Amino acid sequence: QSMGAAGLRKVMRLLNLAQRFRLPVINFIDVVGSHPQDEPHGPMWLAVGQTMEAYLRLDVPTVSVLLGEGVSGSAIALCMTDRLLALENSYLIPTSLEAISTVLFKTVSSTTQVAEQLQVGPLILQNLGLCHQVLPDAGADREALGQALEAELSVASNLPNRLEQRIARFLGLGYAA
């Protein structure tokens with residue numbers, strides 16, 4: 001199911017509650033993209049930007065788990081956390097493979113070629129410094145996922161200068177070290 005602007009506004013309200021009551025935030029992400037002009041509740045780009053900003057200002061531990069599809073600005077905004085785990089067959093892209101195929105090849109029939117060329121899986125995200133741990137899908141072992149989530153939440157809870165580290169990590173993306 002796609003997450004529109006209204007869904008992101010709900011996320012921002014919950015982030016405000018988490019901040020007020022000093023609660024950690026855990027996201028489970030499996031979001032298919034939506035066409036930005038199909039949004040009846042306001043512009044999507046504004047909601048995505050505001051959600052990203054909310055995460056960068058949030059001073060509580062945050063962890064996201066990319067379970068499958070992460071297709072949209074909404075999915076990317078939900079990944080702006082202290083720690084990110086991803087199942088091995090998950091992926092994160094700003095728009096659908098069909099949209100990218102249409103722009104690059106003028107046809108939607110080239111999605112397989114686009115997927116191979118983009119390399120959007122969790123290992124690439126890990127190499128970029130976005131993903132901290134890649135977990136095997138293997139039936140999405142709940143116990144292993146729970147243990148990994150508990151460990152990453154502990155790391156996030158004990159980060160010194162949490163906000164500064166989160167901001168530096170995301171602002172440094174795309175720049176050579």
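Please read these numbers as outputs of a predicted model, since none were measured by experiment. Numbers here simply count residues along the sequence, with the first being 1.
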*Linking I/L/V/M/F/W/Y whenever their side-chain heavy atoms sit closer than 4.5 Å, directly or via other members, would Val134 and Leu84 fall into one cluster?*
no
*Linking I/L/V/M/F/W/Y whenever any side-chain heavy atoms sit under 4.5 Å apart, do Leu15 and Leu163 land together?*
no
*What are the two closest heavy atoms between Ala18 and Val60, and how far apart are they?*
O-CG1, 3.8 Å
*If only atom types and distance count, is the side chain of Glu88 paired as donor or acceptor with the main-chain N or O of Asp137 below 3.5 Å?*
yes
*Going from NE2 on His132 to OG on Ser64, what distance comes out if it is rounded to the nearest 0.5 angstrom?*
11.0 Å
*Give the minimum heavy-atom separation between Ile76 and Met80, together with the two atoms involved.*
O-CG, 3.5 Å
*What about Ile26 and Met12, same hydrophobic cluster or not, with Ile/Leu/Val/Met/Phe/Trp/Tyr joined at side-chain heavy-atom distances under 4.5 Å?*
no
*Counting heavy atoms not belonging to Gln117, are there more than 12 under 6.0 Å from its CD?*
yes
*Any side-chain heavy atom of Tyr91 sitting closer than 4.5 Å to one from Leu66?*
no
*Closest contact, heavy atoms only, Leu97 versus Ile93*: CD2-CD1, 3.8 Å
*Quick one: does Leu85's side chain get under 4.5 Å of Val63's, heavy atoms only?*
yes
*Would you give the length of the straight line joining atom CG of Leu104 to atom OG of Ser110, rounded to the nearest 0.5 angstrom?*
9.0 Å
*Do you reckon Leu56 sits in the same ILVMFWY cluster as Val11, going by side-chain contacts under 4.5 Å, direct or chained?*
yes
*State plainly whether one hydrophobic cluster holds both Leu14 and Ile29, where clusters connect Ile, Leu, Val, Met, Phe, Trp and Tyr through side-chain heavy atoms under 4.5 angstrom apart.*
no
*asked:* For a quick test of reading the model, state the closest non-hydrogen atom pair linking Ala156 to Thr62 and the distance between them.
replied: CB-O, 4.0 Å
*What's the shortest heavy-atom distance between Pro122 and Ala86, and which atoms?*
CB-CB, 3.7 Å
*asked:* Within the 4.5 Å heavy-atom criterion, are Leu92 and Cys79 side-chain neighbours or not?
replied: yes
*Distance, nearest 0.5 Å, that separates OG of Ser157 from CZ of Arg83*: 11.0 Å
*Backbone N or O of Thr107 within a donor-acceptor pair of the Ser101 side chain at under 3.5 Å?*
yes
Without placing hydrogens or testing angles, list every side-chain donor-acceptor pair under 3.5 Å for residues 44-54, not counting sequence neighbours.
{"residue": "Thr51", "atom": "OG1", "partner": "Ala47", "partner atom": "O", "Å": "2.7"}
{"residue": "Glu53", "atom": "OE2", "partner": "Arg57", "partner atom": "NE", "Å": "3.1"}
{"residue": "Glu53", "atom": "OE2", "partner": "Arg57", "partner atom": "NH2", "Å": "2.8"}

*When rounded to the nearest 0.5 angstrom, what distance separates CD1 in Ile124 from SG in Cys131?*
11.5 Å
*How far apart are the closest heavy atoms of Leu87 and Pro136, and which atoms are they?*
CD2-O, 4.2 Å
*Sequence neighbours left out, what pairs pass salt bridge (Lys or Arg N to Asp or Glu O under 4.0 Å) with at least one residue falling in residues 158-170?*
Asp59-Arg162, Asp82-Arg162, Asp82-Arg166
